[in-house]
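Take a look at the structure below.
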Amino acid sequence: MTRFAYVRAKTVVAAVETMANTPGAKFLGGGTNLVDLIRADIEHPDTLIDITPLPLTGIEELPAGGLRIGALAKNSHVAAHPRIRTRYPVLTQAILAGASGQLRNMATVGGNLLQRTRCHYFYDTATQCNKRTPGEGCTALNGGHNRNHAILGTSPHCIATHPSDLSVALTALDAVVETESTNGRRRIPVRDFHRPPGTTPDVETALHQHELITAVELPQLPPATNSHFRKVRDRASYAFALVSVAAAMKVEDGRVADVRIALGGVATHPWRARTAESVLRDAPATEAAFREAAEAELATAVTRPDNAFKAPLAIRTLTATLAGLVRPR
Ligand code: SF4
């Protein structure tokens, strides 16, 4: 275990100023991923800035509709909140599909966005990993097992999937991440928050070095929109997605009036399914149209022998999720 200093921040201003003035520091929220990474010798912070005292746990109405969720709201609190359950069921379902009750009681919304991959080579310091040690190579691409790896958004440097279910739902919902730093406040659409690996798989988000996530805003969905999250995994609980789908759709007169789709488990970052959405816009809300859209979305998938099953599985899962939104469950 690497030794590190520990400080508690009592205000957002103090937290971001301490971060800006402390090289090698990391913010500590629920700690459900960061502490594991420190124990595994992957992360080596010199200082942990404990942000749990900050007043960032509320869920509030936005003046223009929609909800603002504090970055330190616990996943279990968000999932159970009546306004989330009734207005954004896809978000409740995504959170409840992830981790365990104990972890959801600790994990925060901001921390969930920053989860790092569960690629087993990333955690195995005896193997090569460009995300852990830039320029070292990628064991998953060079003869390793890649059954759980990505088929969309990959690069020759990394094919690891993004692990967060919550981020998939937030991507479908057009959520916005609010941040603070000594340079002021920023608003980043979730769809732009997670970066594809490209040549720098170690750079995973659009966050600047000293930025603190303070909230996530959910825009209001069009009235009469149905939403749902479906996750396919190797066992029924406490497993990461092989494929997941978050979808919100409004149907009028038998046609798709509005649709938002994101995929998880198949891509290097929460994957907004823009191709499928454009195929479906104003299309008849039929299973045939849903399958056509799903096939179009997966047409650019790059599979490998171990993970080739994910493309047809994603097509079936997306088709079934959309069909479920137009038939009573
Ligand atoms: Fe590392 Fe990415 Fe390769 Fe996994 S897929 S070993 S995280 S570079």
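The figures that follow rest on heavy atoms only: side chains count, while hydrogens, waters and symmetry mates do not. Note that ligands are numbered from 1 as they come in the structure, with each ligand's atoms numbered from 1 the same way.
The nearest heavy-atom contact from the protein to atom 3 (Fe) of ligand 1 is Cys138 SG, 2.3 Å. Of all protein heavy atoms, the one lying nearest to atom 6 (S) of ligand 1 is Tyr121 CB, 3.5 Å. For atom 7 (S) of ligand 1, the closest non-hydrogen atom of the protein is Cys129 SG, 3.6 Å.
Short contacts between ligand 1 and His157, defined as distances under 4.0 Å to a heavy atom of the residue, involve ligand atoms 8 (S). Those atoms of ligand 1 with a heavy atom of Asn130 less than 4.0 angstrom away are 1 (Fe), 8 (S). Atoms of ligand 1 lying under 4.0 Å from at least one heavy atom of Lys131, given by number and element, are 7 (S), 8 (S). Listed by number with element, the atoms of ligand 1 under 4.0 angstrom from any heavy atom of Gln128 are 6 (S).
Proximity of His149 to Arg304: side-chain heavy atoms (C-beta onward) are nowhere separated by under 4.5 Å. Looking at heavy atoms from C-beta onward, Asp234 lies in side-chain contact with Leu242 at the 4.5 angstrom threshold. By the 4.5 Å heavy-atom criterion applied to side chains, Asn33 and Leu114 are not counted as neighbours.
Coordination check, Cys119 versus atom 4 (Fe) of ligand 1: passed, since an N/O/S atom of the residue sits under 2.8 Å. With 2.8 Å as the limit, Cys158 does not count as an N, O or S neighbour of atom 1 (Fe) of ligand 1.
With hydrogens and angles ignored, the 3.5 Å screen pairs a side-chain donor or acceptor of His81 with a backbone N or O of Arg83. For Ser155 (side chain) and Gly198 (main-chain N/O), a donor-acceptor pair under 3.5 Å exists by modelled atom type. Between the side chain of Arg260 and the backbone N or O of Ala246, no donor-acceptor pair lies under 3.5 Å.
At a heavy-atom distance under 4.0 Å, no atom of Arg132 approaches ligand 1.
For Leu141, the heavy-atom gap to ligand 1 stays at 4.0 angstrom or more.
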**Q.** side chain to side chain contact (heavy atoms under 4.5 Å, CB included) between Asn112 and Ile95, intermediate numbers included
**A.** CA-CA 10 Å; Asn112 201 317; Ile95 293 171; 5.8 Å; no

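Between Arg281 and Glu277 there is a salt bridge, since at least one side-chain N of the basic residue sits less than 4.0 Å from a carboxylate O of the acidic one.
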